[in-house]
> 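Quick one: the structure is below, and I'll ask about it shortly.
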Amino acid sequence: MDYDFAAIEQKWQTWWHAEGVYRVQEDTSKPKCYVLDMFPYPSGAGLHVGHPLGYIATDIYSRFKRHTGHCVLHPMGFDAFGLPAEQYAIETGQHPATTTEKNIATFTEQLRRIGFDYDWSRQVRTSDPQYYRWTQWIFCRLFDHYFDPGEGRAKPIQALDAKFARQGGPDFSADQYQTMTHEDREKVLMGYRLAYLDYADVNWCEALGTVLANDEVKDGLSERGGHPVVRKKMRQWFLRITAYADRLLASLEELEWPPALKEMQRNWIGRSEGASCLFRTADGQHSLEIFTTRPDTLFGATFMVLAPEHPLVIALTTADQQQAVSAYLAYAGSRSERDRMAETKTVTGVFSGSYVLHPLTENLLPVWIADYVLAGYGTGAIMAVPSDDNRDYAFAQHFNLPVIDVIDRTENPAAAREDKTVGVLQNSGFLNGMRIPQAIEAAIQELERLNIGTRQVNYRLRDAGFSRQRYWGEPFPVVYRNGVPEILPDSQLPLTLPEVSSYRPTGDGLSPVASARNWVHLGEGLERETDTMPGYAGSSWYWLRYMDPENNSAPFSTAKEQYWGQVDLYVGGAEHAVGHLMYSRCWSHFLFDLGLVSQPEPFKRMVNQGMIQGRSSLVYRIEGSNTFVSAGIRDQYPCTALHVDISLVEDDQLNLEGFQAWREEYREAEFILEDGVYRCGTEVEKMSKRWYNVVNPDDVCNRYGADTLRIYEMFLGPLDQPKPWDTRGIDGSFRFLKKVWRLYFPRDENQAINDLAPTVQEWKTLHKAIAKVRSDIDRLAFNTAVSALMVCVNELTSFKTNKRAILEPLSVLIAPFAPHIAEELWHSLGHRDSVVHAPYPVADPSWLEEETFEYPVSVNGKLRDKVVLPLAMGKEEVETEVLRREAVLRWLDGKPPKRVVVVPGKIVNVVV
RNA sequence: GCCGGAGUGGCGGAACUGGUAGACGCGCUGGAUUCAAAAUCCAGUAAUGGCAACAUUGUGUGGGUUCGAGUCCCACCUCCGGUACCA
């Protein structure tokens, strides 16, 4: 009987499905384990072999946890709202729901073939009204709450409303608030809600009549059509994620995430401590607020710089500078973000004509305008300290502005200009002689005493834009009554998407939803919001829905949430390092404040799987001809490398007829061969249709089976490293499974499995593998776990092991990696239940005890003695141990040896 | 520039806290089996020298710590990923 993977895999996948072996039921008698994959966007292209890598890893991990007595939740779903489906709808007129449905079916079928242990009954889809009902529900809660900085958590907006009515607010009294109109009160509260409306720039393309996402804009032109794109203010929804900045930063500490990922999140939040400071203009008309992390260098400020977009630019420009400033603003406005980033070396700017007073020295400081200061960070204005900031220094040099050296670095000449810790203050009045950290403190205290500045923490993090002018997303459960937004009562959720006749943008900047007139207009002065939520809305809480996907009265039940708690292991791509993970953490913190989840942090342990790269094949065309030269001899000709479809290449040799048939232009192609064949060059690069190097998992499953695919993907290398796919290497994994098969179904009938007692060697081999595989799975080192299994199977093969006592635990040992063959083997041993729930074998330490070895000891090249020592003993320990032996000492005559050479496991050489 | 991570055979990669470098797999070489091939099995495979036992050199480069360094420290080079006029 041969290893017929196709029949085996088909058989057990059907059986698992029929038996419901992967159905998860909360079981309080067991410890829980929640293993999660980032759910995919169901694109039309289907999967390539890179996609399942992370899924295979979580599958092995979750199966292992199930074998070791955990109640495991390992769900899968689809992030089904998004742009590609909408684009496709625009082009074909098909409803995005239809194409999405079709794509999901393809994905599901591809995933099923690989034999994952997902509980498909818990599947979620973000575009399902029964799911987005609760996304809308959470949005309503965000709208209904504000962040109380005193308590550091979200509270109901009614509490703030009551507080304002009782004690007034920042710039109004209680009486004033009470007498405000409803509209005005709402305006005030809008400044606090966690989901709020504000005006912000969007990428507006007049020609297309639509708003574009950032990645649809290239160099100021629309990616499709190349029409000009301008910034335009529009009223949009935002999430006040900045309110949670401190908490999101602090709780990063407790997470078992890759250090790089945590660092990216830290940088994204970009917390910096410093001070704000007010500079009055010389005419006393205005004051300019700046933020600095170096208040200690206040005496070194010799000029001020405003961002071109700063609101005071107009007011501070004097008549005689009017022209120069207008010209500069026009120039700055014409430069895209990209231009600005690209040429950071060029110094540009213009003098406004105005001066401010230095708050401490009363000196006059000129106010300049330059685009190296960004409107979006801090206050959009800085005090320039050329002595301690490289950009300020370059600017001062270029425009010949004064420099006051305020830091004495003689103690540490190597210190950089912007070094924040090294040096002593000079030329700085009362700060003179202080070290930098001390001076920062003193300066802040002085600013606060003079009431012109205050200690301040600044963040790079911006509030998240939450509006999209698109069709295929969650509708906002919002109605405008005379322009004032109100959320729908929970009983009216879900608010489903209206049917529209066209998915094309309306041309006036509104979402296609706006064309559903009856849906939008509810009566006099009563209109629905026509924007939809962005792609990340549905993915910001989906892991919670898996816990209780059928719930019709709440997003999830408290009891189920308390059982499943945090995600124990989350695996996904690093491309979501800041977006999805930041939003999800924020929503989770918010739900925690509401008492809906038991921990603020959603994902305890996180791993980014590395990308599987493609191995492209290249052919070399001699320039100006249709002749192709083999890779080994291409240096003899001037030629260009061209990508060729890897399906036309076998073992790096080109299928010549196939190549000629591939493209019309190659029909007449001629070839210069080497050794009678055409060899292709290879290149490792991203797996992409563009390079014709995509390997489809279905093809691998057809040829080798899902178990081989799983083993090979894990064997390729560490989970988190990028690694090239090389189909030629897959034979090793396939051979491994065939060897496993032969242990259970030997060719020789006399070798049939029996109940004899295994030998010591057999036990040792098995238990060594158990110990190694268990610890490797724990640290997600699946590549070495597979190696350990290979060693084990190789040894058992050489022992011709056919003992049930070894082979039974072996089938379970292999089960997480190759579940189909394991299930077949398990049943072949007479079991009727599924191997999926079999207890994982435990390593017996008595079989792992160290072996000993009898070391021959040679003194000056002559064999003199023998000592018995553990084989695994270190070289030096052996040495010490040998020299301690009386018998050896006798041969040394008490003299210290010149040299002792231990060849571990072989001999000890002593040279006197 | 800054922040992460990594440089090990022909290739992918092992070596988990300093202790036999190159596990495991691919490829390659030789052999067995076969009419032949595929498949399978056995042996070998870092380099150099040697028939061999073995010796010497070897983990990007140069130093250092240590009885002992791929692993730790310092300096540098290269590659990958992220990020940036962030005041």
Side-chain angles (χ1 to χ4, degrees), chain A residues 2 258-264 266-268 270-272 274-275 290-295 297 301 305 307 340-348 370-374 376-385 388-392 394-395 416 418 458-461 574-575 577-578 608 610-611 613 615 651-652 682 684 711-712 715-718 720-736 738-739 742 747 772 775-776 778-779 781 783-794 797-798 871-880 899-900 902-906:
Chain A
D2 277 338
L261 195 58
K262 286 197 195 182
E263 195 57 25
M264 274 189 245
R266 273 186 215 108
N267 291 339
W268 189 257
R271 182 192 151 100
S272 50
I290 59 104
F291 171 77
T292 178
T293 56
R294 294 295 302 274
T297 62
V305 186
R340 269 167 92 151
M341 281 183 223
E343 21 178 310
T344 57
K345 299 285 184 292
T346 16
V347 178
T348 64
D371 67 0
Y372 82 87
V373 173
L374 304 176
Y377 183 77
T379 61
I382 61 157
M383 65 170 192
V385 184
D388 283 272
D389 182 281
N390 281 325
R391 293 150 305 164
D392 295 349
F395 197 81
E418 65 276 20
N458 210 14
Y459 297 94
R460 200 183 86 97
L461 188 69
E575 66 273 19
V578 278
N608 294 122
M611 195 172 41
Q613 296 149 318
R615 192 165 178 279
D651 205 12
D652 286 347
T682 61
V684 170
I711 294 276
Y712 185 54
F715 183 72
L716 273 177
D720 55 356
Q721 296 290 304
K723 43 207 170 272
W725 176 275
D726 186 350
T727 301
R728 291 177 307 173
I730 202 169
D731 284 327
S733 304
F734 190 44
R735 264 174 221 147
F736 163 68
K738 285 193 277 195
K739 277 185 207 166
R742 279 286 157 246
R747 286 219 168 76
K772 177 77 175 146
S775 83
D776 281 352
D778 256 331
R779 54 191 188 98
N783 53 331
T784 50
V786 170
S787 296
L789 289 172
M790 288 179 173
V791 172
C792 174
V793 168
N794 284 346
T797 301
S798 73
L871 186 60
M873 197 182 225
K875 216 168 158 181
E876 187 216 345
E877 292 158 293
V878 173
E879 213 178 290
T880 328
R899 201 156 65 109
V900 181
V902 181
V903 183
K906 285 192 176 151

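Only a predicted model underlies this, so the values are computations on that prediction, with no experimental measurement involved. Residue numbers start from 1 in every chain, and the chains themselves are labelled A, B, ... in the order their sequence lines are given, proteins ahead of strands.
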> Between rG7(B) and rG70(B), how far apart are the two C1' atoms, rounded to whole Å?
11 Å

> May I ask you to evaluate whether Arg266(A) reaches the phosphate of rU83(B), defined as a side-chain N or O under 4.0 Å from OP1 or OP2?
no

> Any idea which of rC24(B), rG82(B), rG27(B) is nearest the Arg735(A) side chain?
rG27(B)

> Rounding to an integer number of Å, can you tell me how far Arg747(A) CZ sits from rU40(B) P?
9 Å

> Where each pair must be Watson-Crick or G-U wobble with both distances under 3.5 Å, what dot-bracket representation of RNA chain B is obtained, with crossing pairs in [ ] and other-strand partners as |?
(((((((..(((......[....)))((((((.......))))))((((....))))..(((((..]....))))))))))))....

> Could you go through Lys262(A) and Asn267(A), starting from their C-alpha distance and side-chain angles, then the distance that decides it, and tell me whether this counts as side-chain contact (heavy atoms from CB on, under 4.5 Å)?
CA-CA 9 Å; Lys262(A) 286 197 195 182; Asn267(A) 291 339; over 6 Å; no

> Determine the interatomic distance between C1' on rC2(B) and the same-named atom on rA15(B); round to the nearest Å.
33 Å

> Quick one: Arg742(A) CZ to rA39(B) C1', roughly how many Å, whole number?
11 Å

> Taking the C1' atom of each, how far is rC86(B) from rG5(B), in whole Å?
25 Å

> Any chance you could measure Asn783(A), atom CG, to Asp776(A), atom CG, to the nearest 0.5 Å?
7.5 Å

> Provide, to the nearest angstrom, the distance between the CG atom belonging to Leu789(A) and the P atom belonging to rA23(B).
18 Å

> Among the candidates rG4(B), rA84(B), rC24(B), find the nucleotide nearest to the side-chain atoms of Met790(A).
rC24(B)

> For Tyr459(A) and rA87(B), give me the distance from atom OH to atom P, rounded to whole Å.
14 Å

> Considering just the side-chain nitrogens and oxygens of Asn608(A), establish if one lies under 4.0 Å of OP1 or OP2 belonging to rG81(B).
no

> Taking atom C1' of rC26(B) as reference, at what distance in whole Å does atom CZ of Arg615(A) sit?
11 Å

> What is the minimum heavy-atom distance between Asn458(A) and Gly378(A), and which atoms define it?
ND2-CA, 3.2 Å

> Does the side chain of Tyr712(A) reach to within under 4.5 Å of the side chain of Trp725(A), using non-hydrogen atoms?
yes

> Taking the cut-offs as 6.0 angstrom to the six-membered ring centre and 45 degrees off its axis, would you call Arg460(A) and Trp268(A) a cation-pi pair?
yes

> Can you see which heavy atom on Ala307(A) is nearest to which on Val373(A), and at what distance?
CB-O, 3.2 Å

> Looking at side-chain heavy atoms only, is the closest gap between Thr292(A) and Met383(A) below 4.5 Å?
yes

> According to the interplanar angle, ranging from 0 to 90°, do the rings of Phe291(A) and Tyr377(A) count as parallel (below 30°), tilted (30 to 60°) or perpendicular (above 60°)?
perpendicular

> I need the CD1-P distance between Ile290(A) and rA87(B), as an integer number of Å.
12 Å

> Nearest heavy-atom pair of Lys772(A) and Ala788(A): which atoms, and what distance?
CG-CB, 3.4 Å

> Can you tell me, in whole Å, how much space there is between the C1' of rG30(B) and that of rC35(B)?
22 Å

> Considering only rA87(B), rC85(B), rC24(B), which nucleotide approaches the side chain of Tyr372(A) most closely?
rC85(B)

> Tell me if rG9(B) is syn or anti. Syn = glycosidic torsion within 90° of 0, anti otherwise.
syn

> Ser798(A) or Ile730(A): which one's nearest nucleotide on RNA chain B is closer to the 5' end?
Ile730(A)

> Counting the atoms with a prime plus P, OP1 and OP2 as sugar-phosphate, which does Lys739(A) contact under 4.0 Å by heavy atoms, base, sugar-phosphate, or nothing?
sugar-phosphate

> Quantified in whole Å, what is the C1' atom distance between nucleotide rA43(B) and nucleotide rG58(B)?
26 Å

> Judged by each residue's nearest nucleotide on RNA chain B, which is more toward the 5′ side, Thr797(A) or Arg460(A)?
Thr797(A)

> Write down the distance between CZ (Arg391(A)) and P (rC85(B)), rounded to a whole number of angstrom.
10 Å

> Please give me the minimum heavy-atom distance between Val578(A) and Met264(A), naming the atom from each residue.
CG1-O, 3.8 Å

> Name the pairs: protein N/O against N/O of nucleotides 9-15 of chain B, kept only if under 3.5 Å.
residue, atom, partner, partner atom, Å
rG12(B), O2', Leu716(A), O, 2.9
rA14(B), OP1, Asn783(A), ND2, 3.1

> Between Val793(A) and Arg735(A), is any pair of side-chain heavy atoms under 4.5 Å apart?
no

> Distance between the C1' atoms of rA21(B) and rA14(B), in whole angstroms?
10 Å

> If the C1' atom of rG44(B) is compared with that of rA52(B), how far apart are they to the nearest Å?
16 Å

> Asp392(A) and Tyr372(A): side-chain contact (heavy atoms from CB on, under 4.5 Å), yes or no, with the steps?
CA-CA 9 Å; Asp392(A) 295 349; Tyr372(A) 82 87; 2.7 Å; yes

> With a 4.0 Å cut-off on heavy atoms, is Asn794(A) in touch with a base, just the backbone sugar-phosphate, or nothing at all?
sugar-phosphate

> By nearest atom, which of the nucleotides rA87(B), rG5(B), rG27(B) is closest to the Asp731(A) side chain?
rG27(B)

> rA39(B), rA84(B), rC3(B): which one has an atom nearest the side-chain heavy atoms of Glu263(A)?
rC3(B)

> Ignoring backbone atoms, establish whether Arg294(A) has a side-chain N or O less than 4.0 Å from OP1 or OP2 of rA87(B).
no

> To the nearest angstrom, how far is Met264(A) atom CE from rA84(B) atom P?
12 Å

> On a whole-Å scale, what distance lies between the P atoms belonging to rA6(B) and rA55(B)?
34 Å

